[in-house]
Visitor: 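Have a look at this one before I ask anything.
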Amino acid sequence: MSVVVVGSANLDVVARVARIPAPGETVLASGLRRSGGGKGANQAVAAARAGGAEVAFVGAVGDDAGGAELREGMRADGIDVAGLETADAPTGTALISVDDDGENAIVVVAGANGAPTQLSESQSAIVAGARVLVTQLEVPVPLVRAAAAARADRAWHVLNAAPSSPLTGDGATLLADVDVLVVNEHELRDIADVEGFDDAVGALAARLPALVVTLGSRGCLVVVSGDRRMLPAHPVRAVDTTGAGDTFCGVFAASLARSGALPGDGAVLEVFAEAARVAGAAAALAVERPGAQDAVPTAAEVADLIARSGESR
Ligand code: ATP
Ligand code: RIB
């Protein structure tokens with residue numbers, strides 16, 4: 001019942017601003033905080049806090065204080081970090097501005113995340129033990145490819161195609177090795193390269209066993225074999241949306257691992273819809289709090305939100 005996340009770990013340096021500066025503009029921040037981030041590490045933390053599945057993280061940090069902090073943070077969440085290697089480059093850093101509406105602008109300096117293009121032997125062995133492999137595009141595409149190739153025959157590969165990339169060139173054939181693609185609306189448009197939401201969903205879903213499109217405050221759409229299921233979001237006041245998508249992906253992966261469903265099983269729409277329902281509740285809670293990993297809720301908090309919203313319907 002294990003989830004293995006292969007991806008990035010960043011130190012997030014977050015400035016709170018009234019509004020995101022326009023090009024050439026300077027704005028004054030009202031506060032600055034540092035916290036654990038990086039799409040891969042955020043997803044691993046979300047999967048671990050969801051409970052019920054062992055979680056391992058495979059990636060790289062630098063031989064510096066930031067790397068040690070990230071490693072310790074994940075360990076404290078019970079994540080197996082044996083596959084977190086030390087690269088000859090500084091730990092990845094994300095420079096983030098968050099405005100009064102909770103929206104963000106992010107610049108990522110890849111550092112150690114940009115170095116590896118292959119898995120080491122021990123990292124491959126960790127991936128081979130996964131029931132659910134989770135990847136993103138904040139590490140080199142060849143590394144994502146290598147991870148997909150190293151997974152066991154009947155293990156799920158969930159790719160969160162973020163940050164947005166048209167997946168051309170090296171990435172063009174990546175989708176052939178993906179079981180579940182999770183994208184937001186921008187990523188959907190970039191990858192499908194088709195005008196119009198419905199047509200883009202149809203075009204991309206036809207290339208994949210399953211597609212999940214996250215739609216921010218509108219929830220998400222799950223598509224399996226042409227069948228669509230729309231799941232509304234929980235109404236919350238957005239404080240900081242950073243890591244909402246990561247929380248969604250990590251919790252989704254943990255739910256999928258717990259379900260016992262395997263690739264090739266029939267009738268998985270209900271399994272994915274249930275995983276997306278729990279993931280959406282976790283992401284809504286994350287949006288209400290500042291930070292990326294700091295904002296990820298526990299399983300008990302998510303269960304409480306689901307129970308409360310059930311009562312109010
Ligand atoms: P980010 O890049 O900010 O981490 P994203 O663009 O990858 O996020 P979104 O579609 O914005 O992904 O959000 C992912 C999920 O988080 C949504 O499907 C939804 O369940 C939840 N979510 C995001 N924003 C809100 C919100 N304002 N209110 C409630 N739920 C939200
Ligand atoms: O998805 C949010 C993450 O994107 C942040 O934690 C930041 O590190 C960037 O990778």
Side-chain angles (χ1 to χ4, degrees), residues 5 7-15 33-46 59 61 66 69-70 73-74 91-99 101-114 134 136-139 159-164 181-190 197 211-222 229-252 273 275-297 302 305-306 309:
V5 180
S8 58
N10 292 330
L11 198 60
D12 287 357
V13 180
V14 188
R33 53 184 284 157
R34 285 157 38 102
S35 65
K39 294 187 188 302
N42 296 345
Q43 293 176 6
V45 167
V61 290
E69 201 178 307
L70 291 171
M74 282 193 267
T91 294
T93 303
L95 307 172
I96 306 179
S97 303
V98 179
D99 72 13
D101 295 325
E103 290 300 334
N104 62 45
I106 306 181
V107 175
V108 174
V109 186
N113 299 307
V134 186
Q136 334 72 37
L137 300 177
E138 215 170 44
V139 291
L159 170 66
N160 173 216
S164 200
L181 180 71
V182 183
V183 286
N184 67 16
E185 283 177 285
H186 304 289
E187 293 145 10
L188 168 74
R189 202 178 316 122
D190 282 351
F197 180 79
L211 172 69
V212 179
V213 185
T214 64
L215 301 162
S217 60
R218 286 174 292 128
C220 71
L221 176 70
V222 179
R229 180 76 56 86
M230 181 67 205
L231 299 161
H234 291 263
V236 292
R237 191 178 78 81
V239 169
D240 180 356
T241 61
T242 310
D246 299 334
T247 299
F248 184 98
C249 290
V251 174
F252 181 90
R277 190 174 73 93
V278 181
L285 288 170
V287 160
E288 281 186 311
R289 306 167 181 173
Q293 290 168 28
D294 288 353
V296 175
V302 176
L305 174 62
I306 291 173
S309 61

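Numbering of ligands and ligand atoms starts at 1, following listing order. Along the sequence shown, residues are numbered consecutively beginning with 1.
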Visitor: Judging by distance only, is a nitrogen or oxygen of Asn10 under 3.5 angstrom from one on ligand 2?
Guide: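 Right, the criterion is met.
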Visitor: To the nearest 0.1 Å, how far is atom 7 (O) of ligand 1 from its closest protein heavy atom, and which atom is that?
Guide: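 Looking only at protein heavy atoms, the one closest to atom 7 (O) of ligand 1 is Gly245 CA, 3.6 Å.
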Visitor: For Gly40 and Val5, work out which heavy atoms get closest and say how close.
Guide: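 In this case the closest contact between Gly40 and Val5 is O-CG1, 3.3 Å.
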Visitor: With distance as the sole test, does Glu138 use its side chain to make a donor-acceptor pair with the main-chain N or O of Lys39 at under 3.5 Å?
Guide: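 A pair under 3.5 Å: yes.
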Visitor: Check if Ala162 has a non-hydrogen atom at a distance under 4.0 Å from any atom of ligand 1.
Guide: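 No, that is not the case, since the closest heavy atom of the residue is not under 4.0 Å from the ligand.
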Visitor: Side chain to side chain contact (heavy atoms under 4.5 Å, CB included), that's the test. Do Glu187 and Leu181 meet it? Break it down for me.
Guide: CA-CA 10 Å; Glu187 293 145 10; Leu181 180 71; over 6 Å; no
Visitor: Have a look at Pro163, Gly219, Ser217 and point out the one with the heavy atom closest to atom 27 (N) of ligand 1.
Guide: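 Selected option, by shortest heavy-atom distance: Ser217.
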Visitor: Using a strict 4.0 Å cut-off to heavy atoms of Ala292, name the atoms of ligand 2 that fall inside it.
Guide: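 Per the distance check, 6 (O).
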Visitor: First locate atom OG1 of Thr242, then atom CG of Asn104, and finally report the distance between them rounded to the nearest 0.5 Å.
Guide: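 The OG1 atom of Thr242 sits 4.0 Å away from the CG atom of Asn104.
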Visitor: Pull out every atom of ligand 2 sitting under 4.0 Å from any heavy atom of Glu138, numbered as shown with elements.
Guide: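 Near Glu138, the atoms of ligand 2 are 4 (O), 9 (C), 10 (O).
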Visitor: Do you know the tightest heavy-atom contact between Val182 and Cys249?
Guide: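 Scanning both residues completely, I find the closest heavy atoms to be CG1-SG, 3.7 Å.
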Visitor: Have a look at ligand 1 and work out which part of Thr247, if any, has a heavy atom under 4.0 Å from it: side chain, backbone, both or neither.
Guide: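 Neither; nothing of Thr247 gets under 4.0 Å from ligand 1.
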Visitor: Consider every N or O of Ile106 and every N or O of ligand 2, then say whether any pair is closer than 3.5 Å.
Guide: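 No, Ile106 has no N/O under 3.5 Å of an N/O on ligand 2.
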Visitor: Against heavy atoms of Ala94, which atoms of ligand 2 measure under 4.0 Å?
Guide: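 Heavy-atom distances to Ala94 below 4.0 Å select 7 (C), 8 (O).
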Visitor: Quick check: does any side chain N or O of Asp101 sit under 3.5 Å from a backbone N or O of Glu103, one acting as donor and the other as acceptor?
Guide: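 No.
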Visitor: Run down the list Thr214, Val183, Asn42 and name the one with the heavy atom closest to atom 14 (C) of ligand 1.
Guide: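 Comparing heavy atoms across Thr214, Val183, Asn42, the nearest one to atom 14 (C) of ligand 1 lies in Thr214.
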Visitor: Among all protein non-hydrogen atoms, which one is nearest to atom 2 (C) of ligand 2, and what is the separation to 0.1 Å?
Guide: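 The closest heavy atom on the protein side is Asp246 OD2, 3.3 Å.
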Visitor: Side chain or backbone, does Asn184 bring an N or O within less than 3.5 Å of an N or O on ligand 1?
Guide: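 By distance alone, the answer is yes.
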Visitor: Looking at every heavy atom in both Cys220 and Thr214, which two are closest together, and how far apart are they?
Guide: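 Nearest pair, atom of Cys220 first, then Thr214: CB-CA, 4.0 Å.
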Visitor: For atom 4 (O) of ligand 2, which protein heavy atom lies nearest, and how many Å away is it?
Guide: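 Its nearest protein heavy-atom neighbour is Lys39 NZ, 3.3 Å.
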Visitor: Tell me, which protein residue and heavy-atom name are nearest atom 6 (O) of ligand 2, and how many Å apart are they?
Guide: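 Sorting protein heavy atoms by distance from atom 6 (O) of ligand 2 puts Asp12 OD2, 2.6 Å first.
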Visitor: List ligand 1 atoms under 4.0 Å from Val236, heavy atoms only on the residue side.
Guide: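 With Val236 as reference, the close atoms of ligand 1 come out as 28 (N), 29 (C).
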Visitor: Using atom types as modelled and distance alone, determine if a side-chain donor or acceptor of Asp12 lies under 3.5 Å from a backbone N or O of Ser35.
Guide: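 Flag not set: sc Asp12 to bb Ser35 has no pair under 3.5 Å.
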Visitor: Does Lys39 reach ligand 1 with a nitrogen or oxygen that is under 3.5 Å from one of the ligand's nitrogen or oxygen atoms?
Guide: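 Looking only at distances, the answer is no, because the N/O contact criterion of under 3.5 Å is not met.
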Visitor: Near His234, which atoms of ligand 1 are under 4.0 Å from a heavy atom of that residue?
Guide: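 Counting atoms of ligand 1 from 1, those under 4.0 Å from His234 are 28 (N), 29 (C).
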Visitor: Contact between Gly245 and ligand 2, counting heavy atoms under 4.0 Å?
Guide: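 Under 4.0 Å: no for Gly245.
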Visitor: So which atom in Gly7 and which in Asn113 form the shortest heavy-atom distance, rounded to 0.1 Å?
Guide: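 Smallest interatomic distance, heavy atoms only, reads O-OD1, 4.4 Å.
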Visitor: Below 3.5 Å, N or O to N or O, backbone or side chain included: is there any such pair between Ala233 and ligand 1?
Guide: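 In this structure, Ala233 places no N or O atom under 3.5 Å from an N or O of ligand 1.
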Visitor: Return the option from Pro232, Ala292, Gly280 holding the heavy atom at the smallest distance from atom 20 (O) of ligand 1.
Guide: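 Considering heavy atoms of Pro232, Ala292, Gly280, the nearest to atom 20 (O) of ligand 1 sits in Gly280.
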Visitor: Flag atom 2 (O) of ligand 1 as yes if some protein heavy-atom distance to it falls below 4.0 Å, otherwise no.
Guide: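 So atom 2 (O) of ligand 1 lacks protein heavy-atom neighbours under 4.0 Å.
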Visitor: Quick one: which ligand 2 atoms are inside 4.0 Å of a heavy atom on Gly37?
Guide: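 The list of qualifying atoms is 6 (O), 8 (O).
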Visitor: Can you check which of Ala283, Gly243, Gly216, Cys220 brings a heavy atom nearest to atom 17 (C) of ligand 1?
Guide: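 Among Ala283, Gly243, Gly216, Cys220, the closest heavy atom to atom 17 (C) of ligand 1 comes from Gly216.
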Visitor: Do Met230 and Leu215 make a side-chain contact, defined as non-hydrogen atoms from C-beta onward lying under 4.5 Å apart?
Guide: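 Yes. Closest side-chain heavy atoms under 4.5 Å.
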Visitor: How many angstroms lie between atom CG of Leu305 and atom CG of Leu285, to the nearest 0.5 angstrom?
Guide: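 Nearest 0.5 Å value for the CG-CG distance: 4.5 Å.
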Visitor: At what distance, to the nearest 0.5 angstrom, does CG of Asp294 lie from CG of Asp240?
Guide: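 Taking CG in Asp294 and CG in Asp240, the distance rounds to 10.0 Å.
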Visitor: For residues Ile106 and Ala94, report the shortest heavy-atom separation together with the two atoms involved.
Guide: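 What the structure gives for the nearest pair is CG2-CB, 4.1 Å.
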Visitor: Ignoring hydrogens and geometry, is there a side-chain-to-backbone donor-acceptor pair from Ser8 to Gly38 under 3.5 Å?
Guide: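 No: the side chain of Ser8 does not pair with the backbone of Gly38.
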